[in-house]
Amino acid sequence: MSSNQQLFKRAQQTIPGGVNSPVRAFRSVGGTPSFIQRAQGPYMWDVEGTRYIDYIGSWGPMILGHLHPEVVEAVETALHSGFSFGAPTAAEVLIAEEISKLMPSIEQVRLVSSGTEATMSALRLARGFTQRNKIIKFEGCYHGHADSLLVKAGSGLLTFADSTRNAPSSAGVPETVTRDTLVLEYNNVEQLRSIFESEGNEIAAVIVEPVAGNMNLVRATSDFLRKAQELCNTHGSILIFDEVMCGFRVSLGGAQSLYNITPDLTCLGKIIGGGMPAAAFGGRRDIMAHLAPLGAVYQAGTLSGNPLAVAAGIATLRLIQAPGFHEQLSSQTMKLVNGLTQAAHAAGIQFSADSVGGMFGLYFRSTVPTSFSEVTTSNVAQFNKFFHAMLARGIYLAPSPFEAGFVSATHDDAILEATFSAAYEAFASILA
Ligand SMILES: *Cc1c(COP(=O)(O)O)cnc(C)c1O
């Protein structure tokens with residue numbers, strides 16, 4: 001059996017940075033990432049046999065905990081009928097109907113394989129539909145790694161890039177591609193109003209994480225989202241809610257039901273695949289009618305609607321409809337952030353925390369941030385110490401101060417108590 005260290009060394013020979021997605025590399029917090037062997041419920045075990053309580057949940061999808069027996073059974077059943085056909089299946093109709101039922105703004109939906117594909121396709125559709133080029137995004141929101149969206153794009157990039165204002169946050173993205181991407185401050189109603197006043201008739205779409213989870217957790221104000229909707233309506237622009245992370249997690253109907261706002265298009269991912277690669281975008285029927293094969297906006301995918309992913313997705317979406325599911329999830333998550341805040345304050349650390357449904361944010365600053373620039377004033381050195389102290393005590397948090405955390409239905413009171421015990425020691429060790 002190899003150790004984490006041996007594997008990481010070996011991985012770096014054949015995989016850039018040793019990982020297949022940058023934040024897994026622990027660059028931000030330092031040290032060697034754990035190589036995970038298996039997971040069950042709220043736990044993960046690495047190749048050395050160390051057990052962790054998992055607060056990442058694959059960055060959101062594992063809302064039921066790992067290996068929920070009914071999801072496993074659904075995938076097993078699908079598995080024996082074939083992996084992929086490149087032809088339509090009945091299960092795709094079922095999941096489309098399920099999504100549309102849970103989020104009524106989604107009259108029609110197209111399945112894809114990743115959140116990146118969903119946002120990229122939704123933007124192409126919005127541009128094709130409006131015949132305009134400009135899009136508005138907000139600082140700190142991440143919408144996947146499509147070229148035109150890699151401007152001021154949060155977490156992974158926040159951890160790695162030395163970005164200059166309005167320039168692409170990644171090498172390899174020509175300025176000509178991001179020229180039409182306007183970046184505004186999250187929750188800044190005045191900026192939004194002013195840009196629509198000057199350029200409103202050229203704006204194809206506003207894309208926003210209605211509960212932002214890629215600059216740590218930052219909730220939108222109701223006023224901000226409502227203004228975005230109103231301005232889009234007035235100017236014929238498309239309002240796109242990127243609910244890849246918050247969809248089905250902050251409430252059953254997503255952030256749009258929490259805020260009672262009907263976006264024109266919605267992007268989904270993470271939970272709708274139940275841990276398998278599935279994502280989607282959908283919304284107004286008249287807009288979706290512009291997609292190929294009906295319309296002129298091309299979009300396609302060999303593995304879109306993959307039968308195994310769809311089976312995991314349907315099972316997950318059905319299980320989260322159990323009565324009281326989200327109330328219980330929210331209540332556990334709230335208990336978690338309250339307990340951690342108490343532990344931090346007991347140790348004299350400046351700390352605040354917030355949660356929306358089953359998502360949470362921990363901030364090494366005295367108040368909950370409302371924008372990207374506020375998030376960046378968190379005490380990164382203290383976070384890094386806390387992260388490693390928790391990891392050493394078997395608690396697996398996101399390895400960056402700019403990521404949200406995730407609770408599953410298997411995080412019961414005993415799991416929270418174990419987390420608090422570790423946290424009291426971990427916070428105390430920061431100033432020691
Ligand atoms: C994760 C995420 C994406 C990208 O999804 P991938 O499946 O990683 O491509 C897009 N938008 C938001 C809000 C996300 O959290």
Side-chain angles (χ1 to χ4, degrees), residues 19-25 56-63 103 110-124 126 135-160 169-170 181 186 205-220 225 239-250 254-256 258 263 265-282 299 301 303-306 309-310 312-313 316 356-361 372 375 398 400 402-406:
V19 293
N20 283 311
S21 196
V23 84
R24 297 178 195 169
I56 300 183
S58 187
W59 302 98
M62 310 316 299
I63 191 167
M103 291 188 182
R110 171 69 51 90
L111 294 180
V112 292
S113 299
S114 73
T116 294
E117 265 186 275
T119 54
M120 178 186 84
S121 307
L123 277 179
R124 184 183 304 141
I135 56 166
I136 291 177
K137 80 174 283 291
F138 300 95
E139 204 176 0
C141 286
Y142 176 65
H143 304 292
H145 63 90
D147 282 355
S148 69
L149 289 164
L150 282 179
V151 191
K152 295 278 176 183
S155 59
L157 294 151
L158 188 53
T159 309
F160 299 107
S169 339
S170 164
T181 307
Y186 197 69
V206 172
I207 185 165
V208 63
E209 284 184 79
V211 175
N214 289 285
M215 49 172 157
N216 209 323
L217 172 73
V218 178
R219 35 168 110 212
L225 294 179
L239 179 63
I240 305 173
F241 269 14
D242 181 352
E243 296 220 37
V244 169
M245 183 182 282
C246 61
F248 311 116
R249 176 165 283 281
V250 297
Q256 51 198 273
L258 211 59
L265 294 175
T266 299
C267 301
L268 296 169
K270 300 192 167 113
I271 287 175
I272 67 163
M276 304 277 274
F281 65 100
Q299 188 281 328
L303 295 176
S304 294
N306 175 265
V310 167
T316 301
V356 186
M359 266 169 89
F360 65 89
F372 172 83
V375 171
S400 159
F402 309 120
E403 300 285 355
F406 303 92

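All ligand and atom numbering here is 1-based and tracks the order in the structure.
Distances below 4.0 Å separate heavy atoms of G115 from the following atoms of ligand 1: 4 (C), 5 (O), 6 (P), 7 (O), 9 (O). Which parts of ligand 1 touch S114 is read off a 4.0 Å heavy-atom cut-off, strictly below it: atoms 7 (O), 9 (O). The atoms of ligand 1 that sit less than 4.0 Å from any heavy atom of M245 are 15 (O). Under a 4.0 Å criterion applied to the non-hydrogen atoms of Y142, ligand 1 contributes the atoms 11 (N), 12 (C), 13 (C).
Taking any N or O of V244, backbone or side chain, none lies under 3.5 Å from an N or O belonging to ligand 1. Polar contact with ligand 1: present for T116 (N/O pair, distance under 3.5 Å).
Counting only heavy atoms of the protein, atom 11 (N) of ligand 1 lies nearest to D242 OD2, 2.7 Å.
Contact of the L265 side chain with the F241 side chain is not registered, since no non-hydrogen atoms from C-beta on lie closer than 4.5 Å. Using a 4.5 Å heavy-atom cutoff, the side chains of F281 and R110 are in contact.
Heavy atoms of K270 found under 4.0 angstrom from ligand 1 belong exclusively to the side chain. At a 4.0 Å heavy-atom cut-off, ligand 1 touches E209 through the side chain alone.
Closest approach of W59 and P61 over heavy atoms only: C-CD, 3.4 Å. Taking both residues in full, the closest heavy atoms of A255 and C246 are given as CB-SG, 4.0 Å, listed atom of the first, atom of the second, then distance. The minimum heavy-atom distance linking S121 with Q299 is given by the pair OG-CG, 3.5 Å.
The backbone N or O of L150 lies less than 3.5 Å from a partner atom in the side chain of S169, making a donor-acceptor pair.
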Take E243 and R249, measure what side-chain contact (heavy atoms from CB on, under 4.5 Å) needs, and give me the verdict at the end.
CA-CA 9 Å; E243 296 220 37; R249 176 165 283 281; over 6 Å; no
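In this structure, atom 8 (O) of ligand 1 is not in close contact with the protein, since no protein heavy atom lies within 4.0 Å of it.
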